[in-house]
Amino acid sequence: MATKVREQAAEAAAPSKNGSSLISDEKLKQLYSTMVKCRVLEERIRILKKQARFKGNYYAAVGQEATEVGTTIDLRDEDTIAPSHRDFIANYIKGVPLNAMLSQIYMRSTSPDKGRSSPAHCGYAPLNIITPASTIAAQLNIGTGVALANKMKKNDNVVVAFSGEGSTSLGFWHEALNFAGVQQLPIVYICQNNLWAESVNVKLQTRVEDISTKAQGYGFPGITVDGNDVVAVYRVAQEAIQRARSGGGPTLIECKTYRWYGHSEIDPAKYRQPEEVEEWKAKDPIAAMERYLTGKRLFTPEYKQQIIDEFNPQLDAAIDFAEKAPLPEPIEALDHVYSFDIRDRELHRTAYHPKY
Amino acid sequence: MATKVREQAAEAAAPSKNGSSLISDEKLKQLYSTMVKCRVLEERIRILKKQARFKGNYYAAVGQEATEVGTTIDLRDEDTIAPSHRDFIANYIKGVPLNAMLSQIYMRSTSPDKGRSSPAHCGYAPLNIITPASTIAAQLNIGTGVALANKMKKNDNVVVAFSGEGSTSLGFWHEALNFAGVQQLPIVYICQNNLWAESVNVKLQTRVEDISTKAQGYGFPGITVDGNDVVAVYRVAQEAIQRARSGGGPTLIECKTYRWYGHSEIDPAKYRQPEEVEEWKAKDPIAAMERYLTGKRLFTPEYKQQIIDEFNPQLDAAIDFAEKAPLPEPIEALDHVYSFDIRDRELHRTAYHPKY
Amino acid sequence: MAISYIDAIQQALREEMLRDDKVFIIGEDVGVMGGAFGATKGLHEEFGAERVIDSPLAEGIIVSASIGAAMAGLRPVPEIQFSDFITPAMDALTQQAAKLRYRSGGSQTCPITLRVCYGGGTGGGLYHSQTNTTWFAHEPGLIVVAPATVADAKGMLKAAIRQDDPVMYFEHKKLYRTPSIKSDVEEGDAALRDLFKCAIRREGKDATIVTYGYMLIVAQQAAEQIEHELGVSIEIVDLRVLNPLDSETILESVAKTHRLLVLQEDHRTLGIGSEISAIVAERAFDCLDAPILRVAAPDVPAIPASEPLESFYMPNVEKTVEALKRILQY
Amino acid sequence: MAISYIDAIQQALREEMLRDDKVFIIGEDVGVMGGAFGATKGLHEEFGAERVIDSPLAEGIIVSASIGAAMAGLRPVPEIQFSDFITPAMDALTQQAAKLRYRSGGSQTCPITLRVCYGGGTGGGLYHSQTNTTWFAHEPGLIVVAPATVADAKGMLKAAIRQDDPVMYFEHKKLYRTPSIKSDVEEGDAALRDLFKCAIRREGKDATIVTYGYMLIVAQQAAEQIEHELGVSIEIVDLRVLNPLDSETILESVAKTHRLLVLQEDHRTLGIGSEISAIVAERAFDCLDAPILRVAAPDVPAIPASEPLESFYMPNVEKTVEALKRILQY
Ligand SMILES: Cc1ncc(C[n+]2csc(CCOP(=O)(O)OP(=O)(O)O)c2C)c(N)n1
Ligand SMILES: Cc1ncc(C[n+]2csc(CCOP(=O)(O)OP(=O)(O)O)c2C)c(N)n1
Ligand SMILES: [Mg+2]
Ligand SMILES: [Mg+2]
């Protein structure tokens with residue numbers, strides 16, 4: 001079966017072969033404004049981290065917003081996403097309330113997981129967002145199982161599963177994609193190839209140029225797209241999601257992109273050349289979209305300012321909510337182990353019972 | 001990098017592009033006679049099993065001899081092979097004494113592993129044959145490590161690692177090939193695609209037509225060859241081994257073949273259509289080679305009889321040796337756990353010591 | 001009419017699949033072939049390839065796809081053909097299934113029932129005889145059960161499938177067709193069995209044997225022999241559940257008999273017997289009149305294939321009787 | 001001059017690489033970056049990418065390629081960045097490394113030294129705090145060590161690299177830079193330390209604490225506090241080796257003090273403490289004047305990230321002192 005290996009942004013932005021219409025101006029603006037809000041959100045989180053206002057680490061996707069937004073924006077509530085440590089903002093794009101997300105950052109009792117997972121590992125059951133483990137690629141395999149269930153239930157919900165290029169080296173990644181191919185599951189695998197897995201360059205992860213090539217081993221389409229071109233990503237993702245919804249099986253989409261900062265907030269990223277970073281910052285997906293919108297007379301600096309000015313108060317409120325929210329009670333460490341309660345057993349098991 | 005997906009037997013039998021000469025008559029006869037001996041060996045083992053003369057199970061490669069012989073026959077003692085449960089005869093082809101191999105079948109103290117592994121799981125340190133675990137594909141990963149060592153030692157020894165098509169679904173398989181690609185290791189992966197993994201058809205293992213396609217995801221050549229054409233297999237294997245020896249990196253060779261009998265001696269293989277079995281028996285690699293040799297005036301029925309008549313006495317002697325060989329002493333179950341002895345500790349640890 | 005342990009498993013699967021169409025089976029050779037040992041026999045024909053899925057050869061995705069399907073509301077019953085080959089699913093089981101409810105603050109769960117064929121003594125050798133229950137008995141978040149009787153084989157499997165937690169169900173291959181344990185079983189809900197308590201299989205007052213799985217048979221034979229020899233009475237506790245452990249039943253038995261022996265097929269170090277011994281030494285110290293002995297396999301990597309090596313390895317009646325005498329005569 | 005635990009690890013690696021060119025390092029981020037915590041700092045520059053290999057993100061091949069390289073005569077020192085992520089290597093470790101010598105009748109071996117960064121109490125949360133030593137302490141064929149001092153960190157790593165068996169070397173991330181344990185270390189062979197025995201870190205006569213890793217610090221603080229409070233003396237046994245266990249040293253200490261407390265960071269069920277308790281209840285029963293208590297984490301799936309949850313989880317001085325009092329006043 002034919003496998004497409006490269007899709008150019010231009011081509012992607014044009015009416016697509018499945019005859020779907022051009023993207024509306026409203027949608028183009030929504031893609032842009034959502035990227036801006038994600039950027040503001042993560043840059044703020046990074047400041048909060050530097051101010052040591054929350055404990056734990058954070059993994060910013062700054063520079064990768066086009067990928068996150070273009071793939072996630074039009075999903076339904078019933079669709080599932082399987083984020084990795086890098087995809088905190090995918091929660092926002094899918095509609096998770098900021099109060100819940102900031103509570104996650106602050107590990108408060110008001111967070112979706114009641115303060116158990118690390119700040120960036122955010123899930124949200126009401127919107128079918130799988131709470132990620134840190135185990136790289138594990139979310140793909142669980143997401144693949146959700147896709148299996150959707151297929152068995154004969155509904156048309158899809159799963160969008162995220163991973164980085166480093167993740168492709170793991171056996172988990174292979175078992176998931178191979179199974180999805182055999183079962184022709186309604187799932188889209190988004191591989192954000194940002195060139196680095198912590199300090200390890202993609203050249204040490206795989207011998208292939210394009211991660212999308214790997215789809216050929218699984219018998220479904222693999223597409224490489226400019227991950228900093230939100231229109232291209234959106235178009236390619238929509239096609240893949242459509243194919244999945246209509247029973248056409250899985251797609252692997254490689255988004256070539258870049259993380260502007262270190263692997264996490266404690267990583268100075270000395271292993272990268274400053275030139276490389278500059279080169280990629282020049283490819284800022286937000287600036288690129290501004291140029292694109294300007295060409296269509298859809299962008300003005302005021303418009304951008306307005307987006308930011310509307311978003312910041314919401315963000316301030318959420319931060320305030322999270323900072324005022326209570327931490328979990330210590331004893332809650334004993335909860336949610338099983339469907340039944342174990343507090344009693346745990347609290348008394350160490351005690352010696354002279355009754356014997 | 002270009003990846004070759006199909007090589008025809010004819011083409012393979014012709015002088016190869018790397019300019020290597022035609023295969024000598026002597027070599028052709030050796031390929032044939034070795035296949036015949038392997039067939040005799042395994043058919044005899046199956047009889048011994050039916051006669052319940054040894055315990056434990058056996059996994060015959062009858063029907064797959066061309067693959068085993070064509071890939072293994074010209075290896076050096078220093079080259080390593082990583083067999084699976086299916087590749088008992090690869091031991092014979094590489095030169096393991098029949099006494100050792102039959103001792104393995106009979107699980108005697110004279111077996112290379114002193115009676116620990118199951119009959120078909122034969123390794124032999126003096127000839128660098130890795131003693132296989134039953135864990136599918138695990139031998140590939142260990143073999144890949146041996147290849148890494150050969151590369152680091154800057155010698156020109158190669159590794160030939162065997163697996164079946166079912167093995168390709170496992171994460172282990174992926175991690176091994178991906179790493180070999182990145183490191184450009186001197187290893188040849190032989191995938192014997194015999195259509196079945198126990199009762200599971202290859203269509204349920206992967207969506208791709210040719211397993212060799214999977215090499216494209218790892219950035220090295222993948223070749224599909226008629227696994228019942230020993231000349232084609234030999235030629236393709238020689239090219240891959242040459243490439244590996246000279247620092248050209250790994251190759252994945254898919255040999256399309258078929259196991260005539262059940263997965264093991266206790267499997268009636270009801271899941272297969274009799275027609276399919278007949279169709280493949282008609283493609284008997286030994287009969288095919290006889291036709292090929294006849295065309296070259298190198299074959300007569302007497303010649304075949306002579307091979308069998310010479311081999312049978314050797315086999316009888318080895319069976320006799322094995323049946324007369326002692327079983328391991330019970331206490332030997334405590335040996336070879338560590339580099340140091342633990343008999344004492346184990347024999348006395350349960351005892352209660354009133355000295356305290 | 002009396003049925004075998006493996007037929008009880010097949011019945012449980014069939015009844016639960018008929019009861020709830022969310023229940024499905026996935027694993028290697030579970031479909032067309034009906035399982036390596038026949039536990040899923042006939043189910044592929046009856047329920048079709050959609051609900052009895054012959055998976056690729058990949059334990060990791062067998063379990064992790066089940067986790068995802070369970071999150072999405074289905075009731076997967078995946079199978080691991082041999083416990084020896086469960087390692088590719090180690091992450092799915094210990095890092096995903098065991099931790100999903102906890103890491104999501106109770107908002108996401110995965111009620112899967114993983115059937116695992118385990119156990120030695122059948123000449124299967126190093127890689128077809130392993131137990132490996134310790135890896136999972138050590139993981140809170142997982143329920144680990146190991147039925148020893150036909151009634152439990154059926155009833156605990158049915159209960160596991162209905163339980164809102166990930167359950168690992170260890171079935172001993174040597175029990176599959178043991179004639180001596182064949183028995184009648186009930187139908188439907190009446191067949192359900194408890195998932196949390198130990199069972200007293202034999203009442204006694206002079207010593208307690210705690211065991212599970214195939215070793216229950218060995219314990220019973222040893223008890224009979226020694227009662228006959230020494231006129232003592234031995235209590236036998238069948239663990240049934242390895243995680244979370246039912247400490248109370250064990251402690252009460254020891255409080256009554258004052259002597260404890262743990263019998264396990266697993267090798268000694270960090271087998272389930274270590275935990276039971278530790279619980280009793282911690283909480284019922286005063287009740288003990290003798291050291292707590294463990295009859296277990298020696299600490300070697302696995303069960304060798306050659307007959308003399310395997311029989312040296314396996315715990316048996318003789319070793320059990322000898323240990324019992326040591327604590328009784330202490 | 002006094003160095004830190006992590007510098008001791010780096011020194012050991014460097015010295016062994018200089019001594020024997022068969023020694024090489026492989027793992028995630030071990031090269032250019034010098035390791036997630038800096039344990040391999042400077043080695044990539046000094047020995048090059050050939051001997052300090054930045055591997056793909058795949059723990060399975062990191063370990064299994066090391067096994068193969070070791071079979072071929074090299075001395076690999078692979079690294080697992082966090083014990084939480086060791087699961088992809090579960091088969092390589094338990095089914096291959098642990099069993100290769102055994103299954104080949106002693107004819108094939110794989111002397112690898114796997115460094116594993118483990119341990120909690122640093123706010124790392126569910127997946128950057130795990131211990132998971134039980135999975136491997138349960139596997140004969142593996143040597144499992146967990147140094148608690150700077151001298152051991154260096155000497156046991158050097159000895160492990162020279163040992164003809166697969167060794168798992170668990171290094172506690174909270175010890176890496178703890179100022180209080182910094183100390184001088186010897187150079188070269190003089191720095192070598194034993195790989196098989198426990199160490200008495202503190203002599204005492206009224207009770208024994210058996211522990212390892214970071215908990216040794218907790219044990220020492222608890223011992224001081226209670227000696228000061230009650231005027232008793234506590235003996236502290238540092239396990240050092242989790243597999244195979246040095247039972248003799250533990251038994252001798254209990255024979256002297258008659259009271260035993262096991263302190264482990266791991267959660268209670270089937271942590272190493274269970275085995276130690278079982279060994280003593282089996283072999284030194286008569287010496288015991290009190291129940292064997294275990295101070296351990298509660299049986300929950302992992303260490304939660306939020307501060308109050310983590311501190312509830314972690315064993316500490318207060319919990320240890322309380323348990324000590326219970327056995328002393330028993
Ligand atoms: C199985 C596993 N091994 C190692 C790690 C440690 N780790 C966390 S993120 C990371 C790099 C991931 O790289 P990539 O997949 O490219 O995602 P990115 O961080 O670039 O978004 C590593 C090695 C882990 N979390 N899980
Ligand atoms: C990890 C693992 N899972 C399951 C098994 C059980 N098993 C043994 S052989 C086999 C089928 C192997 O099929 P394939 O790789 O095609 O090799 P073939 O037997 O056809 O030569 C299976 C599932 C195993 N040995 N290891
Ligand atoms: Mg990356
Ligand atoms: Mg096959």
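Lettering of chains follows the sequences in order, A, B, ..., and the numbering in each one begins at 1.
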Measure the [atom1]-[atom2] distance between [X] and [Y] for me, rounded to the nearest 0.5 Å.
{"X": "C:Leu270", "Y": "D:Asn243", "atom1": "CG", "atom2": "CG", "answer": "8.5 Å"}
{"X": "D:Arg268", "Y": "C:Ile279", "atom1": "CZ", "atom2": "CD1", "answer": "9.0 Å"}
{"X": "C:Leu242", "Y": "D:Thr269", "atom1": "CG", "atom2": "OG1", "answer": "11.5 Å"}
{"X": "C:Ile327", "Y": "D:Phe285", "atom1": "CD1", "atom2": "CZ", "answer": "10.5 Å"}

* Asked: By a 4.5 Å heavy-atom criterion (distance strictly below it), what part of D:Leu260 contacts chain C: side chain, backbone, both, or neither?
  ->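 Neither part.
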
* Asked: Checking heavy atoms, do the side chain of D:Ala305, its backbone, both or neither come under 4.5 Å from chain C?
  ->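 Looking at D:Ala305, nothing touches chain C.
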
* When heavy-atom pairs shorter than 4.5 Å are enumerated against chain C, which of D:Gly60, D:Gly271, D:Pro304, D:Pro140 gives the highest number? ->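 Among the listed options, the one with the most contacts to chain C is D:Pro140.
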
* **Pairs of heavy atoms under 4.5 Å with chain C: top-ranked of D:Ala278, D:Pro301, D:Ser274** =>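 Option with the top pair count is D:Pro301.
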
Considering only heavy atoms, which portion of [X] lies under 4.5 Å from any heavy atom of chain D: side chain, backbone, both, or neither?
{"X": "C:Ala98", "answer": "backbone"}
{"X": "C:Ala290", "answer": "backbone"}
{"X": "C:Leu288", "answer": "both"}
{"X": "C:Asp266", "answer": "side chain"}

* Asked: Do C:His138 and D:His138 have their ring centres less than 6.0 Å from each other?
  ->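 Judged by ring-centre distance (under 6.0 Å), C:His138 and D:His138 do not meet the cut-off.
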
* Only one of C:Lys99, C:Gln95, C:Arg103 forms a side chain to side chain donor-acceptor pair (under 3.5 Å) with D:Tyr127, so which one is it? ->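 It is C:Arg103, the one option of C:Lys99, C:Gln95, C:Arg103 that forms the side chain to side chain donor-acceptor pair (under 3.5 Å) with D:Tyr127.
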
* Asked: Under a 4.5 Å cut-off applied to non-hydrogen side-chain atoms, are D:Trp135 and C:Thr94 in contact?
  ->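 Yes, their side chains come closer than 4.5 Å.
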
* Taking C-beta and beyond as the side chain, do C:Leu126 and D:Tyr102 meet within less than 4.5 Å on heavy atoms? ->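 Yes, their side chains come closer than 4.5 Å.
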
* Asked: Taking 4.0 angstrom as the limit, do C:Arg326 and D:Glu282 come out as a salt bridge?
  ->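 No, no charged N to carboxylate O under 4.0 Å.
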
* Shortest non-hydrogen contact between D:Thr134 and C:Thr134, atoms and distance ->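 So the two residues come closest at CG2-CG2, 4.0 Å.
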
* Asked: If you count heavy-atom pairs under 4.5 Å with chain D, which of C:Gln130, C:Arg101, C:His267 comes out on top?
  ->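 Most pairs with chain D among the choices: C:His267.
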
